[in-house]
Amino acid sequence: MRLHLPPRLRFALIASLISFTGFSSFSARAATSADFWQAPAFGGTEFTWTGGGGDNALGTAGNWAGDAAPARPGDTGPHLIFNNVDVNVTGAPPSTSDQGGISVTGDSNVTVGLGPYAGSIFVGSGSTLSTSFGTQIKNSEAEGHANVYVEGTLNLTTPSGNLNLDNGPGAGNHYWHIGLNGLVNLANTSTVTKNGKTWNVEVVVANSMEDTSLTNRTLTTDMVLTRKFMTAGADLGSSLDNLLIWKQTGEDAYEALTQVDSVDQLGAGDFLLVSTGSGMSCSKGAGYAAETLIWIRVRHLE
């Protein structure tokens, strides 16, 4: 029987064991995807894009199922849903915070705003979401759920280059899940204002060299497998409170890796976090039989 702990308790328990340079370190252990932070539950009124209104305007009722444009009833944010569409939505929505947000699934490429105050984000595998918010981003998800869940590509533009976490009523700490093919672009972001909240990130990586055909994986000349998972306008590593790395070992089988603080400490179940610039990437040790994974923040990402 597997004991499921909520993220806050899981972090507190494991981080109490070992810690390096301000980050929590996690002992290697077997897991399944059920141990990940789960996708956002949302809960706000759903507004599904159909594009039947003859334009790309957010405020055109005919562009949404039920002929109703997004609104914020009862101070609950709208949940904007896009599936298998390619659209640049014009016009700004109301704040999507407080159980609202954006879901993009299927083979979609969507550009749409989150409003002044942003809610949760879900980007499915194979999809791209380009979005922005005006003031702050808020997590109002239940315990165990991520408020940003990315299996595809998320291009997130922050106001004045600042990732500002909301600390208003009902706001929780931030939990971001970046899946095996996920990529988060915070290209304009150079600062993080946490307002007493924590920023926690988990990332899924693969072990096999055969995964080089997957998104964000390239081979270097010395046979190192590089896995980029985040870009930014500056080094944001010091703003991360917790970083959890899941290595895929089989069909719905994963291992949580342990952080070490130097290359000579690396083993099969370890990772090394190195800050060198404005992005974050994961590099696998040389050779087909190598088990080592090295996490690197690099200044220039290819």
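Positions are given from 1, in the same order as the sequence printed here. Because the structure is predicted, anything quoted here is derived from the model rather than measured.
Put simply, OG on Ser140 and CG on Asn147 are 8.5 Å apart, with the number rounded to the nearest 0.5 Å. Considering CG of Leu165 and CG of Asn195, their distance stands at 7.0 Å, rounded to 0.5 Å. The CG atom of Asp107 sits 8.5 Å away from atom CG of Asp86, with the distance rounded to the nearest 0.5 Å. Summarising the geometry, atom NE2 belonging to His177 is positioned 4.5 Å from atom CD belonging to Glu151; distances are rounded to the nearest 0.5 Å. A distance of 9.0 Å separates CG of Asn188 from OG of Ser132, quoted to the nearest 0.5 Å. Note that CG of Asn155 is 4.5 Å distant from CG of Asn185, once rounded to the nearest 0.5 Å.
Electrostatic pairing of Lys194 and Asp241 counts as a salt bridge here, judged by a charged N lying under 4.0 Å from a carboxylate O.
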Apply side-chain contact (heavy atoms from CB on, under 4.5 Å) to Thr48 and Trp64, showing your working. CA-CA 5 Å; Thr48 301; Trp64 303 92; 5.6 Å; no
Applying side-chain contact (heavy atoms from CB on, under 4.5 Å) to Leu154 and Val148, what does each step give before you reach the verdict? CA-CA 10 Å; Leu154 170 63; Val148 175; 4.0 Å; yes
Please evaluate residues Leu156 and Thr131 with respect to the criterion side-chain contact (heavy atoms from CB on, under 4.5 Å), reporting the C-alpha separation (whole Å), side-chain torsions for both, the decisive distance (0.1 Å), and the verdict. CA-CA 5 Å; Leu156 179 61; Thr131 190; 3.7 Å; yes
Evaluation steps, side-chain contact (heavy atoms from CB on, under 4.5 Å), between Ile137 and Asn164: CA-CA 6 Å; Ile137 182 169; Asn164 195 345; over 6 Å; no
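Looking only at atom types and distance, the side chain of Asn200 has no donor-acceptor partner in the side chain of His174 under 3.5 Å away. Asn162 and Ser160 share no side-chain donor-acceptor pair at under 3.5 Å. His79 and Ser103 share a side-chain donor-acceptor pair at under 3.5 Å. Side-chain contact of Ser125 with Asn181: a donor-acceptor pair under 3.5 Å is absent, judged by distance alone. Asn88 and Asn56 are not linked by any side-chain donor-acceptor pair at a separation below 3.5 angstrom, with hydrogens and angles left out of the test. Defined by atom type and a distance below 3.5 Å, a donor-acceptor pair is present between the side-chain atoms of Asp55 and Asn63.
The other members of the hydrophobic cluster of Phe42, by chain and number, are Phe122, Tyr149 (side-chain heavy atoms under 4.5 Å, ILVMFWY only).
Pairing each heavy atom of Lys197 with each of Asn167, the nearest pair is CE-CA, 3.9 Å. Annotation for Thr76 and Asp98: closest pair CG2-O, 3.3 Å, computed over non-hydrogen atoms. Taking all atoms of both residues into account, the shortest heavy-atom contact from Pro78 to Pro94 is CG-CG, 4.0 Å. Nearest heavy atom pair, residue Phe133 against residue Ala118, reads CB-CB, 3.6 Å. Across every non-hydrogen atom of Gly113 and Pro93, the tightest pair is O-CG, 3.2 Å.
Although no hydrogens or angles enter the test, the distance criterion places no donor-acceptor pair under 3.5 Å between the side chain of Glu46 and the main chain of Ile81. A donor-acceptor distance shorter than 3.5 angstrom exists from the side chain of Arg72 to the backbone of Ser97, with no hydrogens or angles considered. For Asn173 (side chain) and Thr198 (main-chain N/O), a donor-acceptor pair under 3.5 Å exists by modelled atom type. A distance-only check finds no donor-acceptor pair linking the side chain of Lys138 to the backbone of Gly172 [under 3.5 Å]. Between the side chain of Ser95 and the backbone N or O of Tyr117 there is at least one donor-acceptor pair closer than 3.5 Å. Using a distance-only test at 3.5 Å, with no hydrogens or angles considered, a donor-acceptor pair links the side chain of Glu202 to the main chain of Trp37. Between the side chain of Thr96 and the main chain of Leu114, a donor-acceptor pair closer than 3.5 Å is present. A donor-acceptor contact shorter than 3.5 Å links the side chain of Ser127 to the backbone of Ser108.
No side-chain heavy atom of Tyr175 sits under 4.5 Å from any side-chain heavy atom of Trp199. Two residues are said to be in side-chain contact when any heavy atoms from C-beta on lie closer than 4.5 Å; Val203 and Trp246 fail this criterion. Inter-residue side-chain proximity for Val110 and Trp49 is flagged as unmet; no heavy-atom pair is nearer than 4.5 Å. Under the 4.5 Å side-chain criterion, counting only non-hydrogen atoms from C-beta, Pro40 is in contact with Glu141. Considering only heavy atoms from C-beta on, Val112 comes within 4.5 Å of Phe82 through its side chain. Within the 4.5 Å cutoff, the side chain of Leu236 has heavy atoms near those of the Leu186 side chain. In this structure, Asp35 and Thr32 have side chains that are in contact, with non-hydrogen atoms separated by less than 4.5 Å. Residues Ile178 and Met230 have side chains in contact (heavy-atom distance under 4.5 Å, counting atoms from C-beta outward).
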